[in-house]
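The structure under discussion appears below in the form of structure tokens.
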Amino acid sequence: MKDITAEFCALDLERFAFFFDFDGTLAEIAPRPQDVVLSPGLRRDLGQLYLRTRGAVAIITGRQSSELVSLVGPDLPVAGLHGMDFPDAAPTPDRIVAARVAAIRSLLPDLARLIADHPGALLEDKRQGFALHWRGAPEAEAALTHAAQEALARLGDGWSLQPGKSVIEIRPAGDDKGTALRRFLTLPAFRGRRPIAFGDDLNDLPMLASAQAAGGIAVAMGEVPLAADLRLAGPEALAAWLNERLAA
Ligand SMILES: [Mg+2]
């Protein structure tokens, strides 16, 4: 591990670009994704950080970016669906999206029946993908993992399987959170800054690795075994750190 603790504690907001995962990083995970909230203090500080860095802040999430507007506000740039849904990017052609949505829809009835057999488990329809959550039904892990693997086999090429904490997800192959970070770094507000990225789960690995490869800092949340330069205990610790940086 690089000795960057001191630098982290006195981080120069002028020189860095900030990248945050949302669930488990900025906000505590809740049993259902729709129950997650961002603390008002952290929301305010993210707005401050956005102003102080003149826009060098982005959220890179597995959620659809539209879901985050009500949680973080309309100003912060959000890359959704693990980077596939990138702000101002040329949109994926309609016919490709339609084909993906149709492919996922064809799987949903079987998945819904499976979920009904496991009270507490959850099917999240992401339109161009889906996630199976077992936080509320830990005994369902094996069955849901198996179902996701079967779905991947049925879908064929062009899709990938993304495991996470108490969740497994199917999404279009290609972009990941690492490509999203690299794309942000080419935008005027981010260009020339060192990236610092914060993530808590396996799907954040490409983002953390991209930050390090660009000469930046990777910060992991909690105990998940991610290769990172530093660790914070969780969203509360991150909020306290950011609040301190803004007050400095
Ligand atoms: Mg997360």
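Just follow the structure's listing: the first ligand is 1, and inside any ligand the first atom is 1.
- When side chains are defined from C-beta on, Gln128 does not count as touching Arg171, because their heavy atoms never get closer than 4.5 Å.
- Within Asp23, the N, O or S atom at minimum distance from the Mg ion (ligand 1) carries the name O.
- Residues meeting the salt bridge (charged side-chain N to carboxylate O under 4.0 Å, His left out) test with Glu141, sequence neighbours left out: none.
- Side-chain polar atoms of Gln162 and His82 form no donor-acceptor pair below 3.5 angstrom.
- In summary, Asp201 places no N/O/S atom under 2.8 Å from the Mg ion (ligand 1), failing the contact criterion.
- Of the N and O atoms on the side chains of Gln212 and Asp229, at least one donor lies less than 3.5 Å from an acceptor on the other residue.
- For Asp200, the nearest N, O or S atom to the Mg ion (ligand 1) falls under 2.8 Å.
- No other N/O/S atom of Asp21 lies as close to the Mg ion (ligand 1) as OD2 does.
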